[in-house]
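A quick write-up on the structure given underneath.
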Amino acid sequence: MKKSSIHELYWFTMICHIFVLICGIVTSVIMIVNYTSFIGSFGKVLGIIFLIVIVGLLVVLIASSIKVIITLLADLKSLKNHDYISVIGKVLKFKKNTEPESGIQINDNPIVLILNTNEEVELIINDKIRVGETYKFNYLRKCKIAEVVEKI
């Protein structure tokens with residue numbers, strides 16, 4: 001089992017979303033400032049449609065990144081204070097099942113059944129875990145970034 005900490009995964013996620021946010025904003029500004037060349041390249045109607053679609057998609061991307069960054073910032077105090085939620089849970093399945101034969105997966109958001117409450121929670125984790133096995137997890141309340149403490 002590969003060990004990765006909540007801190008590593010938290011900061012990696014934060015940096016990736018900040019990068020996507022910056023790229024989305026810069027690309028949107030460039031496209032809006034240079035709209036005449038896009039319209040000239042594709043023709044008036046197709047250029048306007050192209051510009052609206054691309055800028056619209058970039059706005060959705062920017063909004064999605066902002067949402068994730070706000071969620072991450074909501075857990076920053078808990079991260080700094082090492083104030084994690086500790087649970088014992090059984091891995092039921094993965095959000096995306098890319099290895100159905102072996103059951104071993106990395107980075108595919110396991111759905112975990114918390115044993116004492118029978119609540120299901122989707123975690124963001126970067127450790128090798130198996131479907132059907134029980135682990136002790138630490139995770140942050142809002143963003144659900146987790147680490148495996150031990151296999152039970």
Can you find a pair of side-chain heavy atoms, one from E147 and one from I125, that are under 4.5 Å apart?
no
Determine whether R130 and Y135 make a side-chain contact, defined as any pair of heavy atoms from C-beta on separated by less than 4.5 Å.
yes
Would you say T13 and L72 make side-chain contact, with heavy atoms under 4.5 Å?
yes
Can you list the residues that meet the side-chain contact (heavy atoms from CB on, under 4.5 Å) rule with T71, with sequence neighbours excluded?
K142, C143
Could you list the residues that satisfy side-chain hydrogen bond (donor to acceptor under 3.5 Å, both in side chains) with S86, not counting sequence neighbours?
N138
Flag side-chain contact, heavy atom, 4.5 Å: V121 against K144
yes
What are the two closest non-hydrogen atoms of L9 and A146, and how far apart are they?
CD2-O, 4.2 Å
Salt bridge (charged side-chain N to carboxylate O under 4.0 Å, His left out) partners of E133, counting only residues at least two apart
K151
Those residues that, when tested against N81, pass side-chain contact (heavy atoms from CB on, under 4.5 Å) (two or more places apart):
K77, D83
Going by the rule side-chain contact (heavy atoms from CB on, under 4.5 Å), which residues pair with L73 if we only count those two or more places apart in sequence or in a different chain?
M14, I69, L76
E122 meets the side-chain hydrogen bond (donor to acceptor under 3.5 Å, both in side chains) criterion, sequence neighbours left out, with N109
D75: side-chain hydrogen bond (donor to acceptor under 3.5 Å, both in side chains) partners, not counting sequence neighbours
none
Restricting to side-chain hydrogen bond (donor to acceptor under 3.5 Å, both in side chains), what partner residues turn up for Y10, sequence neighbours left out?
none
I145 CD1 to S78 OG distance, which is reported to the nearest 0.5 Å
12.0 Å
Anything under 30° is parallel, anything over 60° is perpendicular, the rest tilted; go ahead and classify Y84 against H7.
perpendicular
Would you say that V91 contacts F137 through its side chain, given a criterion of any heavy-atom pair below 4.5 Å between the two side chains?
yes
What is the minimum heavy-atom distance between V131 and K93, and which atoms define it?
CG2-CA, 4.2 Å
Quick one: pull up CG in L113 and CD in E120 and give me the separation to the nearest 0.5 Å.
6.0 Å
What residues form a side-chain contact (heavy atoms from CB on, under 4.5 Å) with L51, not counting sequence neighbours?
M31, Y35, F38, V55
For the student: nearest non-hydrogen atoms of I129 and F94, plus distance:
O-CZ, 3.7 Å
The ring-ring contact (aromatic ring centres under 6.0 Å, His included) partners of Y139 (sequence neighbours excluded) come to none
With ILVMFWY side chains joined below 4.5 Å, transitively, what does V53's cluster contain besides itself?
V45, I49, L57
